[in-house]
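Taking it in order: structure first as structure tokens, then the write-up.
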Amino acid sequence: PEAALERLDDADRLDPLDAEAGYLACRALEDAGRADDARARLERFVPRHPWHAPALVDLVRLRLAAGDRGDSTKVLARQ
């Protein structure tokens with residue numbers, strides 16, 4: 001997935017207002033079994049695109065899977 005991630009990162013840099021490439025990069029990491037990397041990317045992605053519902057759901061799901069049940073996770077879950 002490294003080549004795909006590189007292309008998605010390039011697309012994200014070219015059009016940072018379009019959320020699709022950045023979100024697909026997060027999904028690609030999780031699909032490759034790299035949940036921690038996907039979560040880290042989502043932590044950076046969500047503040048840039050707070051209206052992106054699938055990313056919010058994924059971030060909450062990954063936080064919960066990692067045992068993070070803190071207040072910030074609860075706030076995200078309510079959005």
How many angstroms lie between [atom1] in [X] and [atom2] in [Y], if you round to the nearest 0.5 Å?
X     : Y     : atom1 : atom2 : answer
Leu17 : His49 : CG    : NE2   : 7.5 Å
Asp68 : Leu59 : CG    : CG    : 8.5 Å
Leu14 : Asp9  : CG    : CG    : 11.0 Å

If the threshold is 4.0 Å, N to carboxylate O, is there a salt bridge linking Arg41 and Asp12?
no

Regarding Asp10 and Arg7, does a basic nitrogen lie under 4.0 Å from an acidic carboxylate oxygen?
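A salt bridge is absent here (no side-chain N lies under 4.0 Å from a carboxylate O).
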
Would you be so kind as to tabulate the donor-acceptor pairs closer than 3.5 Å made by side chains of residues 24-32, with sequence neighbours excluded?
from	atom 1	to	atom 2	distance (Å)
Arg27	NH1	Glu30	OE1	2.7
Arg27	NH2	Asp31	OD1	3.3
Glu30	OE1	Arg61	NH2	3.0
Glu30	OE2	Arg61	NH1	2.7
Glu30	OE2	Arg61	NH2	3.4

Got a sec: does the CG of Asp15 have more than 12 other heavy atoms crowding it under 6.0 Å?
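Enclosed.
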
Taking CZ in Arg13 as the centre, count heavy atoms belonging to other residues, nucleotides or ligands within less than 6.0 Å. Is the count above 12?
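Atom CZ in Arg13 is packed in, count exceeds 12.
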
Indicate yes or no: at least one non-hydrogen side-chain atom of Val60 is less than 4.5 angstrom from one of Leu64.
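With C-beta onward as the side chain, the pair touches.
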
So do the side chains of Leu5 and Arg34 get within less than 4.5 Å of each other, counting heavy atoms only?
yes

Nearest heavy-atom neighbours spanning Ala19 and Phe45
O-CE1, 3.5 Å

Could you pull out the closest heavy-atom pair between Pro50 and Leu56, with the gap in Å?
O-CD1, 3.3 Å

Say whether, by atom type as modelled, one donor and one acceptor occur between the side chain of His52 and the main chain of Ala55 under 3.5 angstrom.
yes

Partners of Glu43 by salt bridge (charged side-chain N to carboxylate O under 4.0 Å, His left out), sequence neighbours excluded?
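For Glu43, the residues satisfying salt bridge (charged side-chain N to carboxylate O under 4.0 Å, His left out) (neighbours in sequence not counted) are Arg39, Arg63.
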
